[in-house]
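The residues of the chain are indexed from 1 along the displayed sequence. Both backbone and side-chain heavy atoms feed into the values below; hydrogens, waters and symmetry mates do not.
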Amino acid sequence: QWLSAQAILATKNNDVNTINFSIQIGISGDTTTYKSIDNVTNHDEIVNYPNKFLNSLDLPNMPPHVLVLKISVPTILLRNINPPQLCNGTRLSVKELIINITKATILNEKFKSGDVLLPRILMIPTDMPFEFKRLQFPVQLAFAMTINNA
């Protein structure tokens, strides 16, 4: 209950990632690691943008290539999946971690305590000089978040 109404605010994404990682380490339980599948959309660009480079990109409003989660950690949804229940910015608490689906409980007021299933989805960032796609769960840890997301 208390955690659903709390967040640490920071100005930079690097600070947010460091804080989130540090807090998650202190929580007991097993971690589950999910790696994204990244590809360029234009096959002629494959030589210019290898997968190793695409995997290294850490963009705002995109989940990381390596997403590490534990049961009961808070996350924030990065895409609209099923408005108005599952919108960008919805806070969730991880309930169960499965290979291609995560089960979570909604922490926001209106739909609070509702359980949802989140699949991996295809996301294409729009603010890049080239197009690539990332298949990953549309969430990131939310112990800390940027001031803009808050």
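Scanning both residues, L135 and L122, for their nearest heavy atoms gives CD1-N, 3.8 Å. Among all heavy-atom pairs drawn from Q136 and P64, the shortest one is NE2-O, 3.3 Å. Contact detail for V68 and T33: the closest heavy-atom pair is CG2-OG1, 3.9 Å. Residues S93 and S72 share a closest heavy-atom pair of OG-O, 3.6 Å. Residues I76 and A142 share a closest heavy-atom pair of N-CB, 3.7 Å.
From I37, atom CD1 reaches atom NE2 of H65 across 9.5 Å, with rounding to the nearest 0.5 Å. In this structure, OH in Y34 is found 8.5 Å from CG in N100, a value given to the nearest 0.5 Å. Separating the CD1 atom in I106 from the CG atom in L77 is a distance of 9.0 Å, to the nearest 0.5 Å. Interatomic distance, I27 CD1 to I71 CD1, rounded to the nearest 0.5 Å: 11.5 Å. Within the model, atoms CG of L67 and CD of Q140 stand 9.0 Å from one another, a figure rounded to the nearest 0.5 Å. Here the straight-line distance linking atom OG1 of T41 with atom CG of D44 works out to 10.5 Å at 0.5 Å rounding.
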Inset, instruction - For side chain to side chain contact (heavy atoms under 4.5 Å, CB included), just list the numbers for L86 and L118, CA-CA rounded to whole Å, side-chain angles, deciding distance to a tenth of an Å, and then say yes or no. - result: CA-CA 10 Å; L86 293 175; L118 299 173; 4.2 Å; yes
Inset, instruction - Starting from the C-alpha separation in whole Å, work towards a yes-or-no answer on side chain to side chain contact (heavy atoms under 4.5 Å, CB included) for L141 and L69. - result: CA-CA 8 Å; L141 287 173; L69 297 173; 3.9 Å; yes
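Of the possible polar contacts, none joining the D38 side chain to the N51 backbone as a donor-acceptor pair under 3.5 Å is found. No donor-acceptor pair under 3.5 Å is formed between the side chain of R120 and the backbone N or O of S36. Looking only at distances, no side-chain donor or acceptor of N88 sits under 3.5 Å from a matching main-chain atom of N80. K95 contributes no side-chain N or O that, together with a main-chain N or O of D115, makes up a donor-acceptor pair within less than 3.5 Å.
No side-chain heavy atom of L97 sits under 4.5 Å from any side-chain heavy atom of F137. Between M128 and L59 there is a side-chain heavy-atom pair separated by less than 4.5 Å. Residues T90 and L107 have side chains not in contact (no heavy-atom distance under 4.5 Å, counting atoms from C-beta outward). The side-chain heavy atoms of R91 and K112, taken from C-beta on, include no pair separated by under 4.5 Å. In this structure, L78 and M62 have side chains that are not in contact, with every pair of non-hydrogen atoms separated by 4.5 Å or more. Within the 4.5 Å cutoff, the side chain of L92 has no heavy atoms near those of the T102 side chain. Between V139 and P63 there is no side-chain heavy-atom pair separated by less than 4.5 Å.
The hydrophobic clustering, which links ILVMFWY residues whose side-chain heavy atoms are closer than 4.5 Å, places V66 and F53 apart. Following chains of ILVMFWY side-chain contacts shorter than 4.5 Å, one can reach V40 starting from L57, so the two form part of one hydrophobic cluster.
Looking at D58 and N13, their side chains never bring a donor and an acceptor atom within 3.5 Å of each other.
Aromatic pair Y49/F130: ring centres closer than 6.0 Å.
Within 6.0 Å of atom CG in D30, 12 or fewer heavy atoms from other residues, nucleotides or ligands are found, so the atom counts as exposed in its surroundings. Atom CD1 of I25 has more than 12 neighbouring heavy atoms from other residues, nucleotides or ligands inside a 6.0 Å radius.
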